[in-house]
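Following: one structure in structure tokens, then a few remarks.
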Protein chains: 2
Amino acid sequence: MTEAELKDAGLKVTLPRLKVLQVLDNADPHHLSAEDVYRELVNADVTVGLATVYRVLTQFEQAGIVTRHNFDDGHSVFELATEEHHDHMVDLDSGKVIEFVNEAIEQLQHEIAEQHGYELVNHELVLFVRKAK
Amino acid sequence: MTEAELKDAGLKVTLPRLKVLQVLDNADPHHLSAEDVYRELVNADVTVGLATVYRVLTQFEQAGIVTRHNFDDGHSVFELATEEHHDHMVDLDSGKVIEFVNEAIEQLQHEIAEQHGYELVNHELVLFVRKAK
DNA sequence: ATTGCAAATGCGAATCAATCTCATTTAAGA
DNA sequence: TCTTAAATGAGATTGATTCGCATTTGCAAT
């Protein structure tokens, strides 16, 4: 339950935070930019500042509630961390983002880290693709 | 030879371009931000505008002379496109960047793209790691 | 319930990387 | 050497994100 998530993270339960969570939860393309979230809120007649959206998303990231991805075009997108892990494929022509999971790759990543004396904490994999002819 | 590279790319051989190539060539940590390159040039008494550095790096990227990476929250870094493709591993504690290659992962990426009806144009893989205990 | 106060918010200003404008310079072919 | 399109430098501009600060609000202790 969302209120509990906030309290566990040591964050006060406020309207902006609940609303941001709600927007992320209902997001159809899982990935939303801060601006996207902001627009949704304004659209739903929730008056919040863009700065607050950024602050809240950053706090959520630190609290492990959302994950941040830095795609190519220079701006971040966020998604609920409750989704199971997946990587991304970006269609260079349409900009569409496809999610995928590949256990073999996940496995290999751990092995590579180990081979270098490290343990894998996290990773970021994005495939840039184009419709096959 | 560097001059030939520029001509092949249909770019005029100019001082700024040669100097940027030179800086990238001598870069100890392979990865430099545009700002890094700019600072090196100013340091070497080569007067060149930051805008030019950005323009040149972008042209080089399009010409396949350098590769651009977007890791490390926010800004791009560039490195000479060596014959060897490689991915990156970032030590979260020291910030050190390690390069690695794994053919199996490369192969899997192509397969994944194909499975979705795409062809792989490019990819970005960064492992965030920490010294194993 | 009421209160006190630190935490949270809104909004405009500030920042930072990157891009654009445009007047001036320069490479390189004729 | 001349000509011209391409390239450059410097500053203005954009776009995403963060900051500063006065105001508001959650919530723990009255």
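Convention: sequence-line order gives letters A, B, ...; per-chain numbering from 1. Quick caveat, the model's predicted, so the values are computed rather than measured.
As a whole-Å value, the separation of A:K7 NZ from D:dG26 P is 12 Å. Atom P of nucleotide C:dA17 and atom CZ of B:R68 are separated by 14 Å, given to the nearest angstrom. Atom P of nucleotide D:dT18 and atom CD of A:Q62 are separated by 10 Å, given to the nearest angstrom. Rounded to an integer number of Å, the gap from B:D36 CG to C:dC16 C1' is 14 Å. Atom pair B:F78:CZ and C:dA17:P shows a separation of 13 Å (rounding to whole Å applied). Computed from coordinates, the A:F60 CZ to C:dA8 P distance equals 11 Å when rounded to whole Å.
Two different hydrophobic clusters hold B:V42 and B:L15 under the rule that ILVMFWY side chains link at heavy-atom gaps under 4.5 Å.
Through direct or relayed side-chain contacts under 4.5 Å between Ile, Leu, Val, Met, Phe, Trp and Tyr, B:V101 connects to no other residue. Hydrophobic cluster membership for A:L125: A:M89, A:I98, A:F100, A:I105, A:L108, A:I112, A:Y118, A:L120, A:L127, A:V129, B:M89, B:I98, B:F100, B:I105, B:L108, B:I112, B:Y118, B:L120, B:L125, B:L127, B:V129 (Ile, Leu, Val, Met, Phe, Trp, Tyr linked by side-chain heavy atoms under 4.5 Å, directly or transitively).
Counting only residues at least two apart or in different chains, salt bridge (charged side-chain N to carboxylate O under 4.0 Å, His left out) contacts with residues 112-127 of chain A comprise A:E119-B:K133. Residue pairs satisfying the salt bridge (charged side-chain N to carboxylate O under 4.0 Å, His left out) criterion with at least one member in residues 46-67 of chain B, sequence neighbours excluded, are listed as follows: B:E61-B:R68. For residues 9-26 of chain B, the set of pairs meeting the side chain to side chain donor-acceptor pair (under 3.5 Å) definition, not counting sequence neighbours, comprises B:R17-B:Q59. Evaluation of the salt bridge (charged side-chain N to carboxylate O under 4.0 Å, His left out) test over residues 38-54 of chain A, restricted to residues two or more places apart or in two chains, returns A:D36-A:R39.
Between A:S76 and the phosphate of D:dA16, there is no side-chain N or O to OP1/OP2 separation shorter than 4.0 Å. Here A:Y54 reaches the OP1 or OP2 of D:dT17: one of its side-chain N or O atoms lies under 4.0 Å away.
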- Show the numbers, then the answer: is there a side chain to side chain contact (heavy atoms under 4.5 Å, CB included) between A:V23 and A:L41? CA-CA 8 Å; A:V23 166; A:L41 292 178; 3.6 Å; yes

- Under 4.0 Å protein heavy-atom contact, by nucleotide of nucleotides 7-15 of chain D - B base, S sugar-phosphate only: SBBBB----

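When the salt bridge (charged side-chain N to carboxylate O under 4.0 Å, His left out) test is applied to B:E35, no partner is found at least two apart in sequence or on another chain. For A:A63, the side-chain contact (heavy atoms from CB on, under 4.5 Å) partners at least two apart in sequence or on another chain are A:A9, A:I65. When the side-chain contact (heavy atoms from CB on, under 4.5 Å) test is applied to B:E79, the partners found at least two apart in sequence or on another chain are B:H30, B:H31, B:T67, B:H69, B:H86, B:H88, B:E99.
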Using nucleotides 28-30 of chain D, report all nitrogen or oxygen pairs with the protein that are shorter than 3.5 Å.
none

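Of the residues in residues 18-30 of chain B, not one comes within less than 4.0 Å of DNA chain D through any heavy atom.
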